[in-house]
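For reference, the structure is listed below as structure tokens.
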2 protein chains.
Amino acid sequence: MNLKLTKKRQIILNTLKSHDGTLSANDIHKLLPEIDIVTIYRNLDLFTKEKIIKQINLGTNEAQYEYQQQPHHHALCSSCEKVIHFTAPDEKIRELLGLKDFQVDEIEVTVKGICSKSH
Amino acid sequence: MNLKLTKKRQIILNTLKSHDGTLSANDIHKLLPEIDIVTIYRNLDLFTKEKIIKQINLGTNEAQYEYQQQPHHHALCSSCEKVIHFTAPDEKIRELLGLKDFQVDEIEVTVKGICSKSH
DNA sequence: CGCAATATGCAAATCAGTTGCATATTTATT
DNA sequence: AATAAATATGCAACTGATTTGCATATTGCG
């Protein structure tokens, strides 16, 4: 697989990089209407496979994508639907899980609840 | 909301109860071809709202459902695609997360890696 | 520059999940 | 047990996200 650094590819990635939070394919298309939605999908898949970005699926209708700064977790507010990002001591959590016969590559903690603004 | 205990509703729930692991709407429809897929969707939504079952979303194309025995977490093997269930000390994990301004209702830990049979 | 490989756009397809509506089943009430 | 109101089901058709096929355009190497 020999990837090319096309203009549109860079624009899509920069949009994700500079955006604080997650974006769906559609969100990106709204920001970049000059790029076909299919191209956006193909590049998001590509970046995800290359682990440049992360696809997150919180059970909403659309998949969300974010530039992978440092691994972190997500809290979904059931009231305002906002996604909050937070980090946690993954190593300590891994120890608590006690998965002896499983080679853990990635831990993702998803929290559901109510954010400070909503209660 | 006044629910009725219909035959098909019971059959769908029993299928989930007796199945060890998760099932998608489609999986259930294959097991119960006599029940319309729409009825299955509607009942899965209902059971989920009533917290009788749990909808889990591992980033695959279809949502998965499972009868809610006791809350637990999931590990997805990237090699064999099997879903492993495990429990963890949720209270201790919650403390590690340090989400001060967020009312945590539910913690879900999803692990990705390789299971013992696959490495 | 010229060519081969890869990317893009458009149209059309697919796939999961949802909705409208007519009919059937359940449950509370006689 | 019969009736009526409420709720559930099936079918067809729809929606919205994502994917695929194919012709054309762009990129990167020699």
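Reminder, nothing fancy here: chain letters follow the sequence lines and each chain counts from 1. Keep in mind that this is a model prediction, so the values were computed, not measured.
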> Starting at the 5' end of DNA chain C and moving along, which residue's nearest nucleotide shows up first, B:Asp45 or B:Lys7?
Replying inline: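 This one resolves to B:Asp45.
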> So which one's nearest nucleotide on DNA chain C is more toward 5', B:Gln55 or A:Asp36?
Replying inline: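 That would be A:Asp36.
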>> Counting distance alone, no hydrogens or angles: does the base of C:dG17 have a donor or acceptor under 3.5 Å from a partner atom on the side chain of B:Arg42?
In response: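 In this structure, the two groups form no donor-acceptor pair.
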>> Suppose we call a contact any N or O donor and acceptor under 3.5 Å apart; does that hold for the side chain of A:Lys8 and the base of C:dA7?
In response: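 Answer no: no donor N or O sits under 3.5 Å from an acceptor.
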Of the options [options], whose atoms approach the side-chain atoms of [X] most closely?
| X | options | result |
| --- | --- | --- |
| A:Lys4 | D:dT9, C:dC10, D:dG28 | D:dG28 |
| A:Val38 | D:dA8, D:dT20, C:dG20 | D:dT20 |
| A:Thr39 | C:dT18, C:dG9, D:dT9 | C:dG9 |

Using atom [atom1] of [X] as one end and atom [atom2] of [N] as the other, report the distance to the nearest whole Å.
| X | N | atom1 | atom2 | answer |
| --- | --- | --- | --- | --- |
| B:Glu50 | D:dT7 | CD | P | 13 Å |
| B:Leu3 | D:dA6 | CG | P | 16 Å |
| A:Arg9 | D:dT27 | CZ | P | 11 Å |
| A:Lys49 | D:dT18 | NZ | C1' | 13 Å |
| A:Tyr41 | D:dT19 | OH | P | 7 Å |
| A:Gln64 | D:dT18 | CD | P | 9 Å |

> More than 12 non-hydrogen atoms from neighbouring residues, nucleotides or ligands closer than 6.0 Å to CG on B:Asp20, yes or no?
Replying inline: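 Counting neighbours around CG of B:Asp20, 12 or fewer heavy atoms of other residues, nucleotides or ligands fall under 6.0 Å, so no.
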> When rounded to the nearest 0.5 angstrom, what is the spacing between CG in B:Leu16 and CD in B:Glu66?
Replying inline: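 Between atom CG of B:Leu16 and atom CD of B:Glu66 there are 9.0 Å.
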>> I want to know whether A:His85 and A:His73 have ring centres closer than 6.0 Å.
In response: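 Here the rings of A:His73 and A:His85 have centres that are no less than 6.0 Å from each other.
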> Which parts of residues 10-28 of chain B get close to DNA chain D, meaning a heavy atom less than 4.0 angstrom away?
Replying inline: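 Contacting residues: none.
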>> Any base atoms under 4.0 Å from B:Leu5, or only sugar-phosphate, or nothing? Heavy atoms, all strands.
In response: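 Sugar-phosphate contact only.
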>> Between B:Glu95 and B:Lys92, does any NZ, NE, NH1 or NH2 come within less than 4.0 Å of an OD or OE carboxylate oxygen?
In response: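 Salt bridge absent between B:Lys92 and B:Glu95.
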